Number of protein chains: 2
Amino acid sequence: MTRFVIHVGEALGILRTLPDESVDAIITDPPYSSGGAFRSDRMGTPNQKYTQSRVKNLRPEFSGDNRDQRAFAYWCSLWLSECLRIAKPSAPIVCFTDWRQLPTATDAIQVGGWVWRGIAVWDKPIARPALGRFVNSAEYMVWGSNGPMPRRPEIGNLPGTYRVSQKQSDKFHVTGKPTELMRYVSRICREDGVVLDPFMGSGSTGVGALLEGRRFIGIDRSSVYADIARQRLQSITSAGAENVA
Amino acid sequence: MTRFVIHVGEALGILRTLPDESVDAIITDPPYSSGGAFRSDRMGTPNQKYTQSRVKNLRPEFSGDNRDQRAFAYWCSLWLSECLRIAKPSAPIVCFTDWRQLPTATDAIQVGGWVWRGIAVWDKPIARPALGRFVNSAEYMVWGSNGPMPRRPEIGNLPGTYRVSQKQSDKFHVTGKPTELMRYVSRICREDGVVLDPFMGSGSTGVGALLEGRRFIGIDRSSVYADIARQRLQSITSAGAENVA
DNA sequence: CCTTGCGATGAATCCATAT
DNA sequence: GATATGGATTCATCGCAAG
């Protein structure tokens, strides 16, 4: 019995082909589109900025006032609502993001129709130092559910902060996540449930899911990465064949 | 020479009386107006909202914690832009928030004219359990600066995640922060600089600032808390009088 | 002084019931 | 229906006392 399926293609297109209420959890790490030139970093004197933004314009304009940012939010809401359709009622979603895109991610997940339930933190012990500033060493997991989310005592209590370092040897993609972290996160899915990752990359989500006894559906536009992922997942299912049937 | 000043009154009113470009850092923990999706959930007293009802709580109540989302965002932008005027160019700001208000806080800080530079994490080892869910055990420090922020090598490298537990004996307010945490955060301010906290509460920000050799201006609407804070700060300045002149 | 044990606590959340 | 109220839940960690 197959424990995983891999699709190659654009996430939105593939998602549309998947049936309603067919997966038990979404766990994904979309491309952040971060680091673009936005913000008033280079603004001259504080007084300019101050007089300019003094009172009006509550929410709308700044963090979304550049086209990339707005387009990113819109695109997220599209695939997120498609995922909602595919997810079973009460299924959880976990979406990785960096600090810059965190507010956009919490907006998008709610626009997509999910109930936002919190933020979990991946604390990376190794980070580039920045003298005189707080180091932005964390990544964030915005998580929620498809409607109400009954307690699941069998899952136990999941810590809200994971301190795991990045090992080069455990990284198959530029933004690859540690296996240990992905195992942890997979536990939010019910046992033997199906985890969907529309932006699979090298398949770390799938590795974590399979190792925790969950099944996996992965999507990636790149056939190169899809091959890498297939290889990694296959080596798990064949290694542990006696356990996973 | 006095190392601290305390004002009793509404933050917005007092802030308007403070001169331009007169403080070196803003470090504050405003009432989050969080704690529930519904208006009724926000209506209880903070002690009811934030503590379990089994045992009654001895800490004084605080008020100003019941705005709805829009009002909260608007109110934040008002005091944040007033703080910007009072802050020297390149002065840092650090604003505590919980997960629910984090996106609003990053919006508000930017609407107020500040440059948003990141999120630091206070990881609380103690958290309420939630079976089958990630525990929301962290609070967040949204931070930024008044315009460009030159590096300050003398400050060194400040970690972006800080794991400190709250000790009851070190907590004088329902939402009080550990002294160790506030000392650490105070280091974002230049040495001997002035730290301003418009929502002082029991004065933990001031305690941290004084202990790290910074000066302090605190504001609180409650004279009860102002008295508690004055006492705590006085005991520091008199104890370490030989050090702080 | 260190270890063990036990009671207390928490910037909540959920659900059923009442208005 | 929408809003308000009341009670149950849950366990890692802390504080303190006893050994």
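Below, read A as the first sequence line, B as the second, and so on, with proteins coming before strands; counting in each chain starts at 1. Fair warning: this is a prediction, and the values are worked out from it, not measured in the lab.
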Could you tell me whether A:Trp99 and B:Trp116 have their ring centroids closer than 6.0 angstrom? yes
Rounded to whole Å, CD1 of A:Ile119 lies from P of C:dA11 at a distance of 17 Å
Assess whether one donor atom and one acceptor atom, taken from the side chain of B:Lys177 and the base of C:dA11, lie less than 3.5 Å apart. yes
Taking Watson-Crick and G-U wobble contacts under 3.5 angstrom, with | marking pairs to another strand and [ ] crossing pairs, the secondary structure of DNA chain C is written .|||||||||.||||||||
For B:Arg128 and D:dC14, give me the distance from atom CZ to atom C1', rounded to whole Å. 15 Å
For B:Lys171, answer base if it contacts any base atom (sugar-phosphate contacts may also be present), sugar-phosphate if it contacts only those atoms, and nothing otherwise; contact means non-hydrogen atoms under 4.0 Å. sugar-phosphate
How many whole angstroms separate atom CZ of B:Arg163 from atom P of D:dA12? 13 Å
Does A:Glu21 have more than 12 heavy atoms from other residues, nucleotides or ligands lying within 6.0 Å of its CD? yes
Given DNA chain C, 5'-ward residue of the pair A:Arg151 and B:Gln168, judged by closest heavy atom: B:Gln168
Ion pair A:Lys124/A:Glu139, N-O distance below 4.0 Å: yes
Sugar-phosphate only, base, or nothing, as touched by B:Pro30 at under 4.0 Å among non-hydrogen atoms: base
Contact class for B:Trp122 vs. all strands (heavy atom < 4.0 Å): base, sugar-phosphate, or nothing? nothing
Atom CG of B:Leu131 to atom P of C:dA12: distance rounded to whole Å? 17 Å
Under the rule for side-chain hydrogen bond (donor to acceptor under 3.5 Å, both in side chains), what residues qualify as partners of A:Lys88, not counting sequence neighbours? A:Asp24
Can you tell me whether the side chain of B:Asp65 and the base of C:dA11 have a donor-acceptor pair closer than 3.5 Å? no
A:Tyr184 atom OH: more than 12 heavy-atom contacts under 6.0 Å: no
Touch check for B:Ser165, heavy atoms < 4.0 angstrom, all strands: base, sugar-phosphate only, or nothing? sugar-phosphate
So, are A:Glu82 and A:Arg85 salt-bridged, with charged N and O less than 4.0 Å apart? yes
